[in-house]
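What follows is a single structure, written as structure tokens, with notes after it.
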Amino acid sequence: PHRINIAIDGPAGAGKSTVARLVASTLRYVYVDTGAMYRAVTYVAIARGIRPNDEEGLASLATGLDISLLPGEEGQIVLADGDDVTGQIRTREVTASVSLVSANAGVRSRMSELQRLMAAAKGVVMDGRDIGTHVLPDAELKVFLTASPRERATRRFLELGDKPGVTLDQLEEEIALRDRMDSERDIAPLRQAPDALLIDSTGRSIAEIVDEIVSLGLAAA
Ligand code: C5P
């Protein structure tokens with residue numbers, strides 16, 4: 001079969017990255033976590049003291065920054081200008097600022113450019129917020145993956161383990177705020193593409209969703 005590109009978009013905590021990673025490994029495709037790229041820019045901005053509302057500072061940072069994703073034994077390794085930032089991009093500090101940084105025009109155009117290069121040879125499963133609508137509008141398969149807010153918060157809560165450091169209610173609020181900012185920004189907001197298939201994962205297993213997307217992908221290839 002010939003190789004296609006698969007776009008998986010949706011709100012925070014819908015299970016996109018887990019699903020996208022498994023779909024990619026089943027099809028022997030490359031998985032691209034675009035949220036990790038925005039997180040890496042955010043981390044570097046914080047480290048260099050560039051404020052999330054410094055429009056020009058962020059844009060010039062992003063223009064000169066190289067973000068690459070490498071396959072690692074325990075998932076994707078994220079490099080920012082060659083430095084491994086994988087362990088630093090999932091902190092609550094980065095999570096709290098990433099939506100503001102991602103609203104920046106210069107940041108978005110640089111990340112979209114890198115993402116299109118990664119997908120140029122096809123055979124990519126890319127997850128994010130604007131992949132089906134902006135980055136890869138010609139992707140052969142587009143999925144918009146969602147789940148109820150409570151279920152999304154619960155999944156994130158369980159991922160945090162024994163010492164979550166937040167309550168379930170707090171997490172649900174943080175997720176809702178991030179989704180609101182991602183949906184209401186001017187450039188490439190979080191939105192279901194008209195030709196994307198809506199999959200609600202509430203109460204369904206990961207394996208079921210992965211099977212569904214793999215079958216659709218094989219049918220589209
Ligand atoms: O997917 P994840 O939750 O790690 O994404 C972190 C943030 O990165 C999102 O809340 C959003 O602000 C931004 N993002 C984006 N466009 C994408 C992927 C992520 O703006 N394609």
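Numbering of ligands and ligand atoms starts at 1, following listing order.
Distance from atom 10 (O) of ligand 1 to its nearest protein heavy atom, with residue and atom name: D182 OD2, 2.7 Å. The shortest contact between atom 6 (C) of ligand 1 and any protein heavy atom is with R178 NH1, 3.5 Å. R39 NE, 2.7 Å is the protein heavy atom nearest to atom 4 (O) of ligand 1. With respect to atom 18 (C) of ligand 1, the closest heavy atom belonging to the protein is T34 OG1, 3.3 Å.
For atom 5 (O) of ligand 1, the nearest non-hydrogen atom from the set Q115, H134, R129 belongs to R129.
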message: Quick one, L100 with N53, criterion side-chain contact (heavy atoms from CB on, under 4.5 Å). Give me CA distance, side-chain angles, the key distance, then yes/no.
response: CA-CA 7 Å; L100 261 180; N53 56 3; 5.8 Å; no
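Counting heavy atoms from C-beta outward, L61 and V44 have side chains that approach closer than 4.5 Å.
Side chain to side chain, R129 and Y38 fail the donor-acceptor criterion of an N or O pair below 3.5 Å. Looking at S17 and D33, their side chains never bring a donor and an acceptor atom within 3.5 Å of each other. No side-chain donor-acceptor contact under 3.5 Å links T167 and D169. For the 3.5 Å distance criterion, the side chains of S201 and R155 qualify, holding a donor opposite an acceptor.
At least one heavy atom of R108 sits closer than 4.0 Å to an atom of ligand 1. Taking 4.0 Å as the cut-off, M111 does not count as a neighbour of ligand 1 on heavy-atom distance.
Just one residue in the list R152, R185, R191 forms a salt bridge (charged side-chain N to carboxylate O under 4.0 Å, His left out) with D179, and that residue is R152.
Note: no N/O pair closer than 3.5 Å links D127 and ligand 1 by distance alone.
Each of the atoms 16 (N), 17 (C), 21 (N) of ligand 1 lies under 4.0 Å from some heavy atom of D130.
Residue-level proximity to ligand 1 for S102 is carried by the side chain, the only part with a heavy atom below 4.0 angstrom.
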